2 protein chains.
Amino acid sequence: MLSNASKYAIRAVLFLAENSSSKNKFGSKQISAALDVPQHFIAKILQKLVKSGIISSGKGPGGGFYTTPENLKKNVLDILKVIEKGDIFDECFLGLPVCGDENPCPVHDIVSKFKDALLVKFGNQDIKSFSDEVKREGTLITLKNVL
Amino acid sequence: MLSNASKYAIRAVLFLAENSSSKNKFGSKQISAALDVPQHFIAKILQKLVKSGIISSGKGPGGGFYTTPENLKKNVLDILKVIEKGDIFDECFLGLPVCGDENPCPVHDIVSKFKDALLVKFGNQDIKSFSDEVKREGTLITLKNVL
DNA sequence: AAAATAAAAGACAAATTAGTCTTTTATTAC
DNA sequence: GTAATAAAAGACTAATTTGTCTTTTATTTT
């Protein structure tokens with residue numbers, strides 16, 4: 001459903017939301033190590049996120065990637081819009097060209113409910129709120145320090 | 001989540017379940033036309049399904065693919081096992097190497113419910129029952145004759 | 001100013017998935 | 001037996017996704 005690029009992007013943004021600030025930046029190497037994802041690959045993804053205003057960056061010594069309060073007003077759907085080509089919430093699970101309440105595929109109902117729940121999670125709260133929730137509930141964006 | 005191959009496979013099996021019999025076979029060309037999927041691609045998929053006993057086939061004139069009552073005792077999960085490499089129900093939506101009730105990612109709960117519902121739909125009834133349900137509820141495996 | 005650091009940019013390479021085409025084999029009809 | 005038909009088998013191409021590597025540019029520190 002999600003590409004690796006999107007998965008890495010979401011986890012990286014949540015990592016920065018929880019750990020970074022304009023005074024505490026993280027290089028692509030650190031992020032790659034923290035999330036256990038390929039360094040050069042995540043670097044390119046981070047560049048896109050910077051370009052679209054979802055995260056911030058600074059060059060040179062002491063530079064790296066970080067999030068500002070302004071960045072944190074974006075939501076996860078904004079991340080997917082930047083990384084993913086089409087609209088993943090629009091695709092039929094069984095591959096029908098169109099699939100809706102009038103023309104449902106055999107699993108449309110089940111998939112629809114799932115998509116709605118995801119849309120709420122990803123679209124109805126900003127990254128700040130999402131990140132707070134992650135911290136509060138103790139859910140994981142990496143297995144480092146756990147396994 | 002599903003590869004095109006799996007999507008085509010599920011729709012093809014449901015098509016044969018509803019329309020075929022040992023006396024009424026369908027060539028890969030007919031199936032490709034009915035479902036609007038690439039002919040040679042679906043042909044290779046159908047071969048795999050035959051090999052694994054999910055559908056049947058006959059060569060030569062009057063030959064083609066079809067399902068027997070025995071075939072219809074398989075379920076959709078069996079199709080996925082043949083076509084898909086790993087277990088799609090085992091993968092974390094955000095890409096964590098492991099993700100379970102003890103080590104959940106931020107969307108594990110939502111995704112888990114979806115997977116459970118899908119598993120029931122795909123695993124707890126055989127193709128015959130699934131196909132009957134599709135016919136009864138009027139859900140679609142193709143848009144031919146609809147749009 | 002020079003050296004060091006780290007992102008930005010973009011060219012490559014590898015792997016996977018998707019899709020096509022040709023040859024072979026089995027079956028049926030004549 | 002010959003011709004026609006259609007699946008089986010497998011080689012091949014194309015597209016997409018994933019991942020790597022090198023060069024350039026901006027920033028900071030000394």
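Per chain, numbering begins at 1; letters A, B, ... match sequence-line order. Since the model is a prediction, treat every value here as computed from it, not as a measurement. Side chains included, hydrogens not; waters and symmetry mates left out as well; all remaining heavy atoms used.
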| said: Could you check whether A:Phe41 and A:Tyr8 have their ring centres less than 6.0 Å apart? | reply: yes
| query | Would A:Lys81 and A:Asp78 pass as an ion pair if we require N to O under 4.0 Å? | reply | yes
| field | SB check B:Glu70 B:Lys128 (cutoff 4.0 Å) | value | no
| said: With no hydrogens and no angle check, just 3.5 Å: does a side-chain donor-acceptor pair link B:Glu84 and B:Ser6? | reply: yes
| ILVMFWY network linking B:Leu96 to A:Val37, side-chain heavy atoms under 4.5 angstrom | no
| request: Would you kindly confirm whether A:Leu119 and A:Val76 end up in one hydrophobic cluster when ILVMFWY residues are joined by side chain heavy atoms under 4.5 Å apart? | output: yes
| said: Taking the cut-offs as 6.0 angstrom to the six-membered ring centre and 45 degrees off its axis, would you call A:Lys115 and A:Phe89 a cation-pi pair? | reply: no
| request: Could you check whether A:Lys85 gets within reach of a base, just the sugar-phosphate, or nothing at all, counting any heavy atom under 4.0 Å? | output: sugar-phosphate
[X] has an atom [atom1]; how far is it from atom [atom2] of [N], in whole Å?
X	N	atom1	atom2	value
A:Leu46	C:dG10	CG	C1'	17 Å
B:Lys48	D:dA7	NZ	P	18 Å
B:Lys51	C:dA26	NZ	C1'	16 Å
A:Gln47	C:dA11	CD	P	13 Å
A:Ile45	C:dA8	CD1	P	14 Å

| query | If only side-chain N and O atoms of A:Ser57 are considered, is one of them under 4.0 Å from the OP1 or OP2 phosphate oxygen of C:dA6? | reply | no
| said: I'd like to compare against my own output: the B/S/- annotation of nucleotides 18-30 of chain D with a strict under-4.0 Å heavy-atom distance to protein. | reply: SBBB---BBBB--
| So, do A:Ile54 and A:Asn71 sit near enough that their side-chain heavy atoms are less than 4.5 Å apart? | no
| message | What residues from residues 15-34 of chain B pass a heavy-atom cutoff of under 4.0 Å to DNA chain C? | response | none
